Amino acid sequence: MRHAGLSLAAATLLAALSTEAAAQAALSGTVSSAEEGAMEGVLVRAKKAGSTITVTVVSDAKGRYSFPASKLESGRYALRIRAVGYDLAGPDSAEVAAGKAATVDLKLKKTSDLAAQLSNGEWLASFPGTDQQKDQMRNCVGCHTVERIARSQYDADTFMKVLLPRMQGYVNQSIPQHPQLRRAERLMEERGDQRVQVYRNTAEYLATINRSSSPTWKYELKTHPRPAGRATRVVYTEYDLPRDTIEPHDVIVDRDGIAWYSSFGEQFLGRLDPKTGEVREFPIDVHKPGFPTGLLGLRSDRDGNLWMGNMYQATIVKFDPKTAKFATWKLPPEQNIDAAQVNMVSPQAAHVDGKVWTQNNGFAGVHRLDIASGKIETWQPFKSAAKGEPHNIYDVIPDSQNNAWFTDFRWRHIGRIDAKTGEVKLYEIPATAKVVAPRRGMMDSKDRLWFAQYRGDKIGVLDTRTGEFRDWAVAPRWSSPYDVMIDRNEEAWTGSMLTDFVTRVDTKSGQSVNYLLPHHTNIRRVYVDNSTTPVTFWVGSNHGASIIKLEPLD
């Protein structure tokens with residue numbers, strides 16, 4: 001969503017900055033097509049031969065693009081573009097010489113395969129059907145694109161008897177390159193005839209939106225507008241990772257500017273040096289042979305140690321970057337069931353009492369580790385919930401006193417566990433929908449809990465001291481924000497798992513801007529580096545085996 005308007009002074013300033021940037025550019029030019037002439041909002045990507053780093057800029061209202069001299073060294077670069085509905089006609093390369101400004105004007109042509117360019121969000125906007133029918137596909141995009149469904153030719157019976165049962169058998173960190181099977185059902189999941197009915201309804205719907213009855217789709221393919229205005233004032237730097245099976249789920253940046261990532265499907269902690277693009281991996285022992293591998297949450301404590309949830313290995317992991325050594329804690333046998341799933345480990349306030357919070361997705365539980373003794377306590381806030389009422393404790397986030405706050409992804413509540421008494425209290429998120437799916441978030445310095453509403457297309461905040469909620473919509477529809485982080489300017493940053501947009505919300509004015517990422521990106525954890533001016537946004541391309549740095553120019 002772009003700002004509603006710019007003042008004359010602001011517009012003049014942006015024009016001046018654009019002119020100055022062009023003068024200092026290593027590579028610049030214009031983007032145009034026969035259909036539109038000069039084109040705004042075209043993402044232009046440049047990658048040097050033999051490099052693992054790609055730099056992307058966006059064309060302005062006059063179709064001009066410009067790569068800052070500081071971003072491109074001398075050499076030959078392959079050029080690519082992202083502009084829905086268009087392909088690059090030429091040229092597709094550029095030669096950059098040291099100390100000289102290169103100029104390449106790009107020509108675009110109408111694409112012959114629009115479907116290949118749609119984001120998951122654009123597919124959902126295109127599909128016929130109710131929101132309830134489309135909503136089921138939010139469960140699919142964690143592993144693969146919606147396009148795979150739309151291009152399939154399966155009928156309802158095949159979906160019912162083969163595809164849906166098989167998909168249900170894979171764990172959430174599966175991707176086509178690296179599928180992994182679930183060893184056991186989570187407890188408190190809905191079972192029995194209702195699941196069969198859900199499958200049947202789902203199967204019948206999927207057979208109406210794919211190509212099972214026709215070689216072409218019987219609906220119009222709808223696209224989102226290209227970036228405009230402020231959304232073009234940005235530079236992206238993307239770092240390739242060594243293998244296409246690496247899923248950088250969480251990316252955080254330490255005080256030395258080093259980016260660390262948790263590998264969602266493999267037993268590695270990764271380290272990226274943004275200055276060189278060098279990647280180093282640190283292997284983590286397997287604690288439950290035969291169970292799915294991979295890490296989810298990655299957070300640091302006050303001393304800079306990195307803590308991770310080793311998911312189906314049911315292990316809490318700590319890494320000391322100074323010594324490059326791991327420490328691990330297994331769940332007690334009574335909680336270490338086949339369905340055990342330790343996703344989030346939260347050490348942010350461990351200095352208060354020497355304890356670290358985590359959760360267990362296998363039975364909607366919360367654990368607390370005493371680091372010194374290794375003792376693990378357990379809470380089951382929904383153990384006495386009504387039969388058939390599903391709950392999923394997704395994230396657990398400590399406040400300044402190390403009380404635990406947790407999100408219930410299957411419902412519409414935020415929970416609190418008192419660190420001293422163990423008392424559990426629930427806070428209901430105000431919403432018109434029954435399920436808004438609060439997912440990941442953060443606690444700021446004022447003890448305000450910021451969280452993403454995955455099924456509500458919003459970000460929200462709970463003032464834990466007053467119990468008051470507030471929220472902001474994230475556009476467009478089907479944005480499905482996974483996480484949110486507030487920066488030093490009181491701007492909230494979130495990313496969509498479906499639309500490839502990074503959304504920046506001014507929480508004071510309510511205005512927002514959507515930055516379109518250079519290619520399809522399955523966004524999970526988001527991170528903001530407040531040490532730069534302007535701030536810098538980081539995210540892992542969970543299905544693209546890369547890490548993306550977004551630098552806004554204002």
Side-chain angles (χ1 to χ4, degrees), residues 250 252 296-302 307 309 316 341-361 363-370 376-383 385 391-431 435-456 458-472 481-486 492 494 507 525-527:
D250 280 27
I252 64 175
L296 206 156
L298 171 63
R299 286 173 167 138
S300 63
D301 61 23
R302 190 173 64 172
W307 294 74
I316 298 170
Q341 186 180 348
V342 176
N343 293 342
M344 313 298 175
V345 178
S346 297
Q348 299 94 306
H351 56 276
V352 173
D353 55 12
K355 297 180 180 181
V356 171
W357 294 94
T358 185
Q359 47 69 262
N360 193 326
N361 224 12
F363 55 85
V366 176
H367 303 294
R368 181 170 64 175
L369 165 70
D370 185 299
I376 294 179
E377 303 169 86
T378 300
W379 284 259
Q380 291 182 251
F382 303 110
K383 191 172 184 179
H391 294 279
N392 177 339
I393 296 179
Y394 201 90
D395 203 0
V396 56
I397 305 166
D399 62 21
S400 61
Q401 301 304 308
N402 212 18
N403 301 299
W405 296 79
F406 60 85
T407 60
D408 184 4
F409 185 57
R410 296 293 297 274
W411 213 245
R412 53 183 292 176
H413 290 85
I414 302 294
R416 178 187 186 271
I417 301 176
D418 189 289
K420 295 180 179 178
T421 67
E423 178 188 6
V424 176
K425 183 177 180 180
L426 295 178
Y427 297 77
E428 184 173 336
I429 301 169
V435 180
V436 297
R439 206 157 190 177
R440 292 283 292 274
M442 65 165 286
M443 190 75 66
D444 67 16
S445 60
K446 301 176 183 178
D447 273 346
R448 296 177 300 178
L449 175 64
W450 296 83
F451 59 94
Q453 297 182 27
Y454 184 70
R455 284 190 160 81
K458 293 180 179 181
I459 56 172
V461 63
L462 166 62
D463 188 326
T464 65
R465 296 173 179 175
T466 66
E468 296 179 355
F469 283 91
R470 187 182 176 192
D471 61 38
W472 295 261
Y482 175 90
D483 188 19
V484 62
M485 188 169 181
I486 192 81
T494 187
T507 61
R525 170 78 183 275
V526 302
Y527 186 84

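Keep in mind that this is a model prediction, so the values were computed, not measured.
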- CG on Asp250 to CG on Leu296, rounded to 0.5 Å: 6.0 Å

- Item | Between CD1 on residue Ile397 and CD on residue Gln348, distance to nearest 0.5 Å | 7.5 Å

- Message: Pair Met442, Val526 - check side chain to side chain contact (heavy atoms under 4.5 Å, CB included), show working.
- Response: CA-CA 10 Å; Met442 65 165 286; Val526 302; over 6 Å; no

- Enter the distance from Asp463:CG to Tyr427:OH here, rounded to the nearest 0.5 Å. 10.0 Å

- Item | Between CG on residue Asn343 and CG on residue Asn361, distance to nearest 0.5 Å | 5.0 Å

- Sorted by chain and residue number, the salt bridge (charged side-chain N to carboxylate O under 4.0 Å, His left out) partners of Asp408 (sequence neighbours excluded) come out as none

- Query: Would Thr407 and Ile414 count as a side chain to side chain contact (heavy atoms under 4.5 Å, CB included) if you check the C-alpha gap in whole Å, the side-chain angles of each, and the deciding distance to 0.1 Å?
  - Reply: CA-CA 5 Å; Thr407 60; Ile414 302 294; 3.7 Å; yes

- Please name the pair of heavy atoms, one in Thr494 and one in Pro481, separated by the smallest distance, quoted to 0.1 Å. OG1-CB, 3.3 Å

- Item | Derivation of the side chain to side chain contact (heavy atoms under 4.5 Å, CB included) call for Val356 and Val345 | CA-CA 7 Å; Val356 171; Val345 178; 3.5 Å; yes

- Query: What pairs with Arg299 under side-chain hydrogen bond (donor to acceptor under 3.5 Å, both in side chains), at least two apart in sequence or on another chain?
  - Reply: Ser346, Asp395

- Message: Under a 3.5 Å distance rule, please check whether Arg416 uses its side chain to pair with a backbone N or O of Thr464 as donor and acceptor.
- Response: no

- Which atom of Trp379 lies closest to which atom of Gly422, heavy atoms considered: NE1-O, 3.0 Å

- Would a 4.5 Å heavy-atom cut-off, applied to side chains only, mark Asp471 and Phe451 as touching? no

- Query: Pick one: which of Tyr482, Tyr394, Phe382 meets ring-ring contact (aromatic ring centres under 6.0 Å, His included) with Phe409?
  - Reply: Tyr394

- With no hydrogens and no angle check, is any side-chain donor or acceptor of Trp357 less than 3.5 Å from a backbone partner on Met344? no

- Message: Within this structure, what is the CG-NZ distance for the pair Asn402 and Lys355, rounded to the nearest 0.5 Å?
- Response: 9.0 Å

- Compare every heavy atom of Ile486 with every heavy atom of Ala492, then report the nearest pair and how far apart it is. N-CD1, 3.8 Å

- Item | Residues forming a salt bridge (charged side-chain N to carboxylate O under 4.0 Å, His left out) with Asp370, sequence neighbours excluded | none

- Task: State, to 0.1 Å, how close Gln359 and Ile393 come at their nearest heavy-atom pair, and which atoms those are.
- Result: NE2-O, 2.9 Å

- Message: Angle between ring planes, His367 versus Phe363, binned at 30° and 60°: parallel, tilted or perpendicular?
- Response: perpendicular

- Message: So Val436 and Lys458, do their side chains get closer than 4.5 Å, heavy atoms only?
- Response: no

- Query: Would Trp450 and Asp483 satisfy side chain to side chain contact (heavy atoms under 4.5 Å, CB included), going step by step from the backbone distance to the final call?
  - Reply: CA-CA 9 Å; Trp450 296 83; Asp483 188 19; over 6 Å; no

- Task: State which residues pass side-chain contact (heavy atoms from CB on, under 4.5 Å) with Asp399; sequence neighbours excluded, sorted by chain then number.
- Result: Gln401, Asn403, Trp405, Met443, Asp447

- What's the spacing between Phe469 CZ and Leu449 CG if we round to 0.5 Å? 8.0 Å

- Residues in salt bridge (charged side-chain N to carboxylate O under 4.0 Å, His left out) contact with Asp444, at least two apart in sequence or another chain: Arg448

- Any salt bridge (Lys or Arg N to Asp or Glu O under 4.0 Å) involving residues 419-430? Give me the pairs, sequence neighbours left out, ordered by first then second residue. Arg412-Glu428

- Query: Under the 3.5 angstrom rule, does the side chain of Arg368 hit a backbone N or O of Ala419 as a donor-acceptor pair?
  - Reply: yes

